[in-house]
Amino acid sequence: MVGFRKQIVGRDEHDLIEKLYALLDKSKTLRSLYPDWEIFCQKELSDSEKTIREHRYIWTNQLKNEELVNKDISELRTNDFLDFFRKITKNQAITKQRFLDIRSVLNGIMKYAVEKEYVKNNVITAINIKQFKFKATNSKITPYSIEERKQIINHIATKEEDLYDLAIILDFQLIMRIGELKALKFTDISGGHIKVQRFMNDKNIIIDHVKGNADEGIRWLPLTKTALNVIQKAKALNPDSEYIFIKKGKNLTTVTFNRRLKKYCEELGIDYRSSHKVRFSTASIAHKNGMEDVELQGLLGHTSLTMTRHYLKNITTTEETSRKYLEALA
């Protein structure tokens, strides 16, 4: 039996089996604790369904078949985790983010074991991750450029537009989260502006407040002519709903939204970026065209200017940069 080191002796076969079952019942492994920890994350920590799915993916693809998870947790030592971490990072085999995801799951189960008093302490905390080397990644967030944005919008205009198409175009007009976009009502529009005041979470439940519950998140966004035209088309397609993008009880899904956006990017030969990068793009384009970061902070619904500046990326192409450089030094 993996993980047990002491010899078990019984008076006879029946006694030995009884002792083994008793010991097995008392033993806890990372494998046996994972299902309970997942429930704990849902009920006690209120982790989102997305977070739970990410945990489950890491468990299934990175941990479930490892010898480490079958050992009795009372016998696990820092060196057991250290050896495992060295194995998975050997030759810089994984990215730092993937490593942190794996460590997060193991750390979460061990913290749960401490809380349940299955073990006295979490031995993972003694490990300094600076000793490991990781696969290099390009962590730079590159938004859609002005030209790419224009290409996508024009490309969709050639289609027989449905609510997903209209949602993509509108997303490129407004700097809002995809959950906020999906929860918009026709009555949110007033005087050429639209009010952001609710969102749809990853369980498709409408929450009557913005994400994070910060008052700064409730805001009015100005509507471009394109945005007003999109909303008018959506009303024609969806006349009986109070929500712009919920038709007959069926709402847009983020997965399908991104799949549709990816399809159009592939048709145009543009590198695909998800709906969240559209928000980066719209903010960055507005900033490039003269809006101050403090102005964009209010439109983005951020509580801090630091977060807003994180969203503002350089969208100037290499060719444009070269042209400006040559003109400046001519």
Asks: Give the minimum heavy-atom separation between L174 and P222, together with the two atoms involved.
Replies: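 Between these two residues, the closest heavy atoms are CD2-O, 3.9 Å.
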Asks: Ring-plane angle category for F280 and H276, please: parallel below 30°, perpendicular beyond 60°, tilted otherwise.
Replies: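 It falls in the perpendicular class, over 60°.
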Asks: Which atom names give the shortest non-hydrogen contact between L305 and Q297, and what distance separates them?
Replies: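 Where L305 meets Q297 most closely, the heavy atoms are CD1-OE1, 3.3 Å.
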Asks: R56 versus E38: any side-chain heavy-atom pair under 4.5 Å?
Replies: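 When only atoms from C-beta onward are counted, E38 and R56 do touch, with a gap below 4.5 Å.
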Asks: Tell me the closest heavy-atom pair linking T254 and S275, and the distance in Å.
Replies: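 Nearest heavy atoms, T254 then S275: CG2-OG, 4.1 Å.
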Asks: How are the rings of F85 and F132 set relative to one another: parallel (under 30°), tilted (30 to 60°) or perpendicular (over 60°)?
Replies: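 Because their plane-to-plane angle is over 60°, the rings of F85 and F132 count as perpendicular.
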Asks: Under the side chain to side chain contact (heavy atoms under 4.5 Å, CB included) test against H287, which residue among L296, T282, T308 passes?
Replies: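 Considering L296, T282, T308, a side chain to side chain contact (heavy atoms under 4.5 Å, CB included) with H287 is found only for L296.
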Asks: Please examine the side chains of I218 and H209, heavy atoms only from C-beta on, and report whether any two atoms are closer than 4.5 Å.
Replies: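 SC-SC contact between H209 and I218 confirmed.
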Asks: Please find the pair of heavy atoms, one from F245 and one from L181, that lie closest to each other, and give the distance.
Replies: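 For F245 and L181, the tightest heavy-atom pair comes out as CD1-O, 3.6 Å.
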Asks: Could you point out which residue of I153, D165, L170, T224 forms a side chain to side chain contact (heavy atoms under 4.5 Å, CB included) with V230?
Replies: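 Of the listed options, the one satisfying the test is L170.
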Asks: Just say parallel, tilted or perpendicular for the rings of H155 and Y264, cut-offs at 30° and 60°.
Replies: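 Rings of H155 and Y264: perpendicular, over 60°.
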Asks: Using a 4.5 Å cut-off on heavy atoms from C-beta on, say whether the side chain of L223 contacts that of Q173.
Replies: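 Contact flag for Q173/L223 side chains = no.
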Asks: State, yes or no, whether a side-chain contact exists between Q151 and E147 at a heavy-atom distance under 4.5 Å.
Replies: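 With C-beta onward as the side chain, the pair touches.
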Asks: Between R260 and D162, does at least one N-O distance fall below 4.0 Å, as a salt bridge requires?
Replies: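 Salt bridge flag = yes for D162 with R260.
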Asks: With no hydrogens and no angle check, just 3.5 Å: does a side-chain donor-acceptor pair link D101 and Q97?
Replies: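 Yes, because at least one side-chain N or O of D101 sits under 3.5 Å from a partner of the opposite role on Q97.
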Asks: Could you check E115 against K111 for salt bridge (charged side-chain N to carboxylate O under 4.0 Å, His left out), going step by step and ending with a plain yes or no?
Replies: CA-CA 6 Å; E115 183 169 329; K111 285 171 67 177; over 6 Å; no
Asks: How about L100 and I129: do any of their side-chain heavy atoms sit closer than 4.5 Å?
Replies: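 Yes. Closest side-chain heavy atoms under 4.5 Å.
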Asks: Do the ring planes of F172 and Y144 sit parallel (below 30°), tilted (30 to 60°) or perpendicular (above 60°)?
Replies: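 The rings of F172 and Y144 stand perpendicular, inter-plane angle above 60°.
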Asks: Does the side chain to side chain contact (heavy atoms under 4.5 Å, CB included) test come out yes or no for K185 and Y243, once each step is laid out?
Replies: CA-CA 4 Å; K185 293 182 178 181; Y243 292 94; 3.5 Å; yes
Asks: So do the side chains of L76 and L30 get within less than 4.5 Å of each other, counting heavy atoms only?
Replies: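 They are in contact (side-chain heavy atoms under 4.5 Å apart), so the answer is yes.
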Asks: Which heavy atom of V123 sits nearest to which heavy atom of R77, and what is that distance?
Replies: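 Heavy-atom minimum between the residues: CG2-C, 3.8 Å.
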Asks: Could you walk me through whether F186 and I244 pass the side chain to side chain contact (heavy atoms under 4.5 Å, CB included) test, one step at a time?
Replies: CA-CA 6 Å; F186 289 107; I244 298 176; 3.7 Å; yes
Asks: Could you grab the distance from atom CG of D171 to atom NZ of K182, nearest 0.5 Å is fine?
Replies: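 Output value for this atom pair is 11.0 Å.
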Asks: Would you name the heavy atoms of Q131 and I127 that are closest together and state the gap between them?
Replies: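 Heavy atoms of Q131 and I127 come nearest at NE2-CG2, 4.1 Å.
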Asks: Do the ring planes of H193 and W220 sit parallel (below 30°), tilted (30 to 60°) or perpendicular (above 60°)?
Replies: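 Perpendicular: the ring planes of H193 and W220 meet at over 60°.
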Asks: Any carboxylate oxygen within less than 4.0 angstrom of a Lys/Arg side-chain nitrogen, looking at E67 and K87?
Replies: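 Not counted as a salt bridge, because no side-chain N and carboxylate O are separated by less than 4.0 Å.
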